[in-house]
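Letters A, B, ... are given to chains in the order of the sequence lines, protein chains preceding strands, and every chain is numbered from 1.
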Number of protein chains: 2
Amino acid sequence: MASIKDVAKRANVSTATVSRVLRNAGNVTEETRQRVLEAIEELNYQPNVLGRYLRRMETETVLVVVPDITNPFFSKVLRGIEAVALEHGYQVLLGDTQNDARLEEQYLNVLPQRQVDGMIFLTARIRKELMEEMARQFPIVLACEYLEGTDIPTVSIDNISSARKATEHLIRLGHRRIAHLSGPMNIILSRDRLRGYYQALAQHDIDADPALVQEGDFTYESGYNVTLKLLALEEPPTAIFAANDEMAIGAIKAVRHRGGRVPDDVAVVGFDDIQMASIFEPSLTTIAQPMFEIGQKAMELLLQLIEGGNVGRRQFVLPDRLVVRDSCGGSA
Amino acid sequence: MASIKDVAKRANVSTATVSRVLRNAGNVTEETRQRVLEAIEELNYQPNVLGRYLRRMETETVLVVVPDITNPFFSKVLRGIEAVALEHGYQVLLGDTQNDARLEEQYLNVLPQRQVDGMIFLTARIRKELMEEMARQFPIVLACEYLEGTDIPTVSIDNISSARKATEHLIRLGHRRIAHLSGPMNIILSRDRLRGYYQALAQHDIDADPALVQEGDFTYESGYNVTLKLLALEEPPTAIFAANDEMAIGAIKAVRHRGGRVPDDVAVVGFDDIQMASIFEPSLTTIAQPMFEIGQKAMELLLQLIEGGNVGRRQFVLPDRLVVRDSCGGSA
DNA sequence: GATGGAGATGTAATCGATTACATAGATGAG
DNA sequence: CTCATCTATGTAATCGATTACATCTCCATC
């Protein structure tokens, strides 16, 4: 592999001049510039970025840590991130933690090791202190998930109010026995959605029945299995609010396998509005998150942090909205 | 940020010794080892990997280039790659090209720049010569998609024979007017599946009707739109073979929106066996690819290349199988 | 007690680029 | 003509780790 020295030798200049040509820093005559470019061409030279990284101590690369690459929700957020990054000449790399907090911590180490200039976490399952200590020294932004009582810049929706909105929709349709398929309780997002669910019940004087709250793990399978349990109750629910669309689809399938109909026998509401929510039959009533915008905003914040600016207000709450479709019936 | 020199100073040893402790290379007394470890602890030292990378000229990182991170098929392949990589201490980074060949070429440059030790392409849409030239100098493996007449190591299924199998299944069910929703024709995979379709027709003396072959782009929307065109034909097809599951689902939705039933009026077969294929109703008859295994095999090959070994046979064709479900009817 | 070998540690070169600083040559003002 | 200024280019330090090689100590062996 040719290095900058080889190019310098061939063009009969110093490495400094080659570097200047490479980075388009002025003060090079057109004539030498041409000579250098020729040498680069002839040697098929590609600058070794490791050298540059080491010297400049920056990589113009950001890492996005995703809890589950399989989840379509995150891919949309990612697209928002990519759009902004590309615009600003940053590379985006992806780390998949496969829902493993240990792997998440490992990715965190990439920062002090200087492999990337900043990180966006679409998951926040590691110890808060660890994350905060890192965030004090390096550019970190949280999106979607967040940490309680921290001032790490965060972009998300208001999960409590949107869960309340979803539950209230079911209440307005006349349901009183409403179940909730929650996400894992160690994730704050799940706890928020559960809280919103409880708030809605309380505001309408409906007693919360602990048997109607079941914990899933955001997968289709868990939605299916947990719903089977709910249906086996003496007094099964007439409506289900699932903490994401995949579990909601699992719930619908379970109802059907037990011979029930959706929405007639059981109404279902999901969360996220992934593509499949509108394709699946019955189409899902769900909370639409502005996934692309969340990604954009997160990347914009990260860029500000990297460039040393302050980000001012540190928590950004984007608007969500309830999308009413077929899975919860008309105005019963 | 503390560097190895700071640690050396604090522990009263040379940087060489610190490095030896860090990398667990022997020849260090337990006593000095402890001293060094203490210093590391006290300074909260994290080695800057850029220095190491530059010196060793390797990053123990591989890059996987994906045409579309949104596509669930690829996420499964990715999991296979991750599993093997993790086992061997390699980091996996992801590059999303968003189906843009220009972006794909950009990622290719990451190799001579030494940012990663090797790459796996789950897409192959750039100029063959370019790819081959790079593959001659650096470890590259292709998976899923491939390039014709090249000896870059490749892992995939036999798309021609599996497409033939899928089409034959429809023929056996009595269909004669079978349409094909193909992928983009600039992708060899699409051309292969089309070829398999033609072969099956020919073997059963069915004339191929050009009007029945329509090009999509692997998205749900394209499957939907193109099927509407097919249904508007004077003599519409009684069966549709789609080049992937998402287009197949689009096709089913289109048939329904036109008042038809699947499989009664139109039988549909997909390709890939993504999770939704078994969840969607009617469940999809489809070609199941061993996604996880494709990923595993690809990563294993890449490791061999990185470690300088030869990979022997360069084209690996893994077995696929036809999964019969509800979308194409019983034994009519 | 000289010799040799093994083990522990240090010294300094090295990876490839960037860049602060130095220098040489050209240009212009007085 | 001289000096200041500016431009183009070169020299060499630098980023942080790794590692070839040198050195030193200690101990065993004859």
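Side-chain contact between Ile157(A) and Asn159(A) is present, with heavy atoms from C-beta onward closer than 4.5 Å. Side-chain contact between Val64(A) and Glu82(A) is absent, with no heavy-atom pair separated by less than 4.5 Å. Side-chain contact between Ile188(B) and Arg191(B) is present, with heavy atoms from C-beta onward closer than 4.5 Å. Asn44(A) is listed as a side-chain neighbour of Glu133(B), based on a closest heavy-atom distance under 4.5 Å.
No contact: Asp6(A) has no heavy atom under 4.0 Å from any strand. Using a 4.0 Å heavy-atom distance criterion, Thr32(A) is classed as a sugar-phosphate-only contact. Nucleic acid contact for Ser19(B): base, since at least one base atom lies under 4.0 Å from a heavy atom of the residue. Among the protein residues, Val13(B) comes within range of the sugar-phosphate backbone only, with heavy atoms under 4.0 Å from sugar or phosphate atoms but none that close to a base. Within the 4.0 angstrom heavy-atom criterion, only backbone atoms of the sugar-phosphate kind lie near Arg23(B); the bases stay farther away.
One interatomic measurement links the two molecules: CG of Asn27(A) to C1' of dG10(D), which rounds to 13 Å at whole-angstrom precision.
No donor-acceptor pair under 3.5 Å is formed between the side chain of Thr15(A) and the backbone N or O of Ile4(A).
The heavy-atom pair separating Glu132(B) from Gly149(B) by the smallest distance is OE2-O, 4.1 Å. Taking each heavy atom of Phe218(B) and Ser190(B) in turn, the nearest pair found is CZ-OG, 3.8 Å.
Judged by a 6.0 Å distance limit and a 45° cone about the ring axis, Lys76(A) is not positioned over the six-membered ring of Phe292(A).
If Gln46(A) and Arg35(B) are placed on DNA chain C by their nearest nucleotide, the residue sitting closer to the 5' end is Arg35(B). Comparing Ile4(B) and Val28(A) along DNA chain D, the residue whose closest nucleotide (by nearest heavy atom) sits nearer the 5' end is Val28(A).
Contact check of residues 47-59 of chain B against DNA chain C (heavy atom, cut-off under 4.0 Å) returns Leu54(B), Arg55(B), Met57(B).
Taking the 5' to 3' direction, DNA chain C first and last meets chain A under 4.0 angstrom from a heavy atom at dG16(C) to dT19(C).
No salt bridge links Glu38(B) with Arg35(B); every basic N to acidic carboxylate O contact stays at or beyond 4.0 Å.
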